[in-house]
Amino acid sequence: MEHTPAPYGPRSVYGYALYIGSIMLFLLFLVWAVVPDQILHSLGLTYWPSKYWAVAIPIWALTALATFAFIIYPAINLSMTPDIDDIATITDKHSYSRKETVPGGIPPVFDIPITEVCRKLYLSKMKQQ
């Protein structure tokens, strides 16, 4: 089958099953974390992990998420960014050069050359000084 983000039958069934399953697991977690052990033992549920893990697992998960979001993800982006003196910061294979347009028409999208940007931003200021 073709890979597409469009909805189709099996995907909706799997999505619904995952939704219901995640709700059930969350309710089971809440029962384990909130209900006292005496009530659980009276219902015949004798083996449950320690209540310590009801606090420790979410804290560890949030710490891992924060570490990824604030340290690892920016580090990955910085390692993929080209150096400031690299030619790829100026132009690459995806750059659009200026093309001729119909007089009076809307010009197409294009990348402004770095020399023109510098001329507009800095040259007029240097002439004034």
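Sequential numbering from 1 along the given sequence is applied to the chain's residues. Since the structure is predicted, the reported quantities are computational estimates derived from the model, not experimental observations.
Note that CG of Leu27 is 9.5 Å distant from OG of Ser22, once rounded to the nearest 0.5 Å. Phe70 CZ to Leu65 CG: the interatomic distance, rounded to the nearest 0.5 Å, is 8.5 Å. Here the OG1-CH2 distance, from Thr67 to Trp60, works out to 13.5 Å after rounding to the nearest 0.5 Å. Distance check, rounded to the nearest 0.5 Å: NZ of Lys120 to OH of Tyr122 gives 14.5 Å.
In this structure, Thr46 and His41 approach most closely via the heavy-atom pair O-CE1, 3.3 Å. Between Pro74 and Ala69, the shortest heavy-atom contact is CD-O, 3.4 Å. Nearest approach of Val35 to Lys51, heavy atoms of both residues: O-NZ, 2.7 Å. Taking every heavy atom of both residues into account, Pro108 and Thr101 meet most closely at CD-CG2, 3.0 Å.
Hydrophobic cluster membership differs between Tyr16 and Leu25, with clusters built from Ile, Leu, Val, Met, Phe, Trp and Tyr side chains linked at under 4.5 angstrom. Transitive grouping of hydrophobic side chains (ILVMFWY, heavy atoms separated by less than 4.5 Å) brings Trp32 and Ile39 into a common cluster. Cluster membership check: Phe29 does not share its hydrophobic cluster with Ile23, using side-chain heavy-atom separations under 4.5 Å among Ile, Leu, Val, Met, Phe, Trp and Tyr. Cluster annotation: Met24 and Tyr19 are assigned to the same hydrophobic cluster (Ile/Leu/Val/Met/Phe/Trp/Tyr, side-chain heavy-atom contacts under 4.5 Å, transitive). Linking ILVMFWY side-chain heavy atoms closer than 4.5 Å, directly or via other members, places Trp53 and Leu45 in a single hydrophobic cluster.
The number of heavy atoms from other shown groups lying within 6.0 Å of CG (Leu62) is above 12. Counting heavy atoms of neighbouring residues, nucleotides and ligands inside a 6.0 Å radius, atom CZ of Phe110 exceeds 12 of them. The environment of CG in Leu43 is crowded: more than 12 heavy-atom neighbours from other residues, nucleotides or ligands sit within 6.0 Å. Other residues, nucleotides and ligands contribute only 12 or fewer heavy atoms inside 6.0 Å of the CD atom of Glu100.
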Report the C-alpha distance between Arg119 and Glu116 in whole Å, list the side-chain angles of each, state the deciding distance to 0.1 Å, and finish with yes or no for side-chain contact (heavy atoms from CB on, under 4.5 Å). CA-CA 5 Å; Arg119 190 177 305 117; Glu116 187 175 335; 4.3 Å; yes
